[in-house]
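Working notes, beginning with the structure itself.
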Amino acid sequence: MKIICILCEQRFEPDRRQKHKLRKHPHMIQICPDCHSRISEQVEEREKLLPPPERVSTRVFAGRRNRSRWKSASKALDNDLSAKRADSI
């Protein structure tokens, strides 16, 4: 099985893993190992020049402690909605 690289238009023989992927997904685009290494080097150089991303602290839902907060918040919201309905009647 010979494949043509979309960047340099050279024919190359894919490795076993690429062949398997091509059989399952023939619409996928493939590039030759030379172009792949060239692009990966360029990406690494670009990543070295970029500043490191800022860390964002995210709170993960962790058990019952947070569940009670959610329940109390939803109860307060329900009470507010029922009070508004009573006022409108």
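When a residue number appears, it is its place in the shown sequence, counting from 1. In this text, all values refer to a predicted model and were calculated from it rather than measured experimentally.
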- Query: Partners of K21 by salt bridge (charged side-chain N to carboxylate O under 4.0 Å, His left out), sequence neighbours excluded?
  - Reply: none

- For R17, enumerate each residue passing the side chain to side chain contact (heavy atoms under 4.5 Å, CB included) test, keeping only those at least two apart in sequence or located in another chain. D15

- Task: Sort and list the pairs that fulfil side chain to side chain donor-acceptor pair (under 3.5 Å) and have at least one residue in residues 22-46, not counting sequence neighbours.
- Result: Q18-Q30

- For the student: nearest non-hydrogen atoms of C35 and C8, plus distance: SG-SG, 3.6 Å

- Shortest non-hydrogen contact from P33 toward F12: CD-CD1, 3.9 Å

- Item | Whichever hydrophobic residues join I31 through chains of side-chain contacts under 4.5 Å | I6, L7, I29, I39, V43

- Message: Starting from L50 and following side-chain heavy-atom contacts under 4.5 Å between hydrophobic residues (I, L, V, M, F, W, Y), which residues can be reached?
- Response: none

- Item | Rounded distance (nearest 0.5 Å) linking atom CZ of R11 with atom CD of E13 | 11.0 Å

